[in-house]
Amino acid sequence: MARIVNLGVLVSGSGSNLQSIIDHIEKGSLPAKIGILVSNNPSAFALERAKKHGIPAAVIGHAGFANREDYDRKVVETLNAHGVELVVLAGFMRVLSPFFLRSFPMRVMNIHPALLPSFPGTHGQKQAFDYGVKFSGCTVHFADEGVDTGPIIIQAVVPVCDADTEETLSGRILKEEHRIYPQAIRLY
Ligand code: GAR
């Protein structure tokens, strides 16, 4: 029987990638459990999703932290308190400090809505669309100290059609994100 990996999922928003991970776990195709969900945003819809599925969640807002490392210390403490082995960034819109990355060496995964190393940073879908690429996609990679850099685990490619808008392209990419993130976690 496969070993169950204890995940700590970090979110800021809707949490559709979180949902895909939950769905794969629940249907038995991903040997993992979510030990804790951490959101930096108290109104993230991802928190509702966690509640519905009985997943423990913590909101860690930014107020009261002097700097990025102090904030990250609190997050790392929370992850460790829940025995997290692998950290999964699922739309977590903060750059991690070196302290965080040293705490989970090669154990932080990120998903990005573009074919890295192209179009890192925010709005990867829009950057690629505005550039006029004919193919775009998404990337799961291990996080390092750069922004959306670090060893690539899996990528998925989607075509950009003439009739596409940024929204239709983003939707096509997101569907692939939901497929490859659970796959990358399974590989781990
Ligand atoms: C996803 O498209 C993810 O790739 C992106 O945020 C979205 C979160 O959606 N992440 C980044 O842009 C990180 N640079 P979700 O909350 O519905 O999973």
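One-based numbering, in listed order, for ligands and for the atoms of each.
The protein heavy-atom contact nearest to atom 13 (C) of ligand 1 is I111 O, 3.8 Å. When only non-hydrogen protein atoms are considered, atom 12 (O) of ligand 1 lies nearest to P113 CD, 3.4 Å. In this structure, the protein non-hydrogen atom closest to atom 6 (O) of ligand 1 is M93 CE, 3.3 Å. For atom 16 (O) of ligand 1, the closest non-hydrogen atom of the protein is G15 N, 2.7 Å. Ranking the protein heavy atoms by distance from atom 14 (N) of ligand 1 puts H112 ND1, 3.2 Å first. Nearest protein neighbour of atom 8 (C) of ligand 1, counting heavy atoms only, is G91 CA, 3.6 Å. Of all protein heavy atoms, the one lying nearest to atom 17 (O) of ligand 1 is S16 OG, 2.6 Å.
Under the 4.5 Å side-chain criterion, counting only non-hydrogen atoms from C-beta, L96 is in contact with V108. Side-chain contact check for H24 versus R186: some heavy-atom pair is nearer than 4.5 Å.
In terms of modelled atom types and a separation under 3.5 Å, the side chain of R49 and the main chain of G15 share a donor-acceptor contact.
In this view, F100 and F104 satisfy the ring pair (Phe, Tyr, Trp, His ring centres under 6.0 Å) rule, not counting sequence neighbours.
Contact annotation: for E177 versus ligand 1, heavy atoms closer than 4.0 Å belong to the side chain alone. Looking at T122 against ligand 1, nothing comes within 4.0 Å, counting heavy atoms.
Residues R3 and E85 are paired through a salt bridge, judged by an N-O separation under 4.0 Å between the basic side chain and the carboxylate. The pair R179-E176 counts as a salt bridge, with a side-chain nitrogen and a carboxylate oxygen less than 4.0 angstrom apart.
A side-chain donor-acceptor contact under 3.5 Å links H53 and E26.
Polar contact check, N17 against ligand 1: a nitrogen or oxygen pair lies under 3.5 Å apart.
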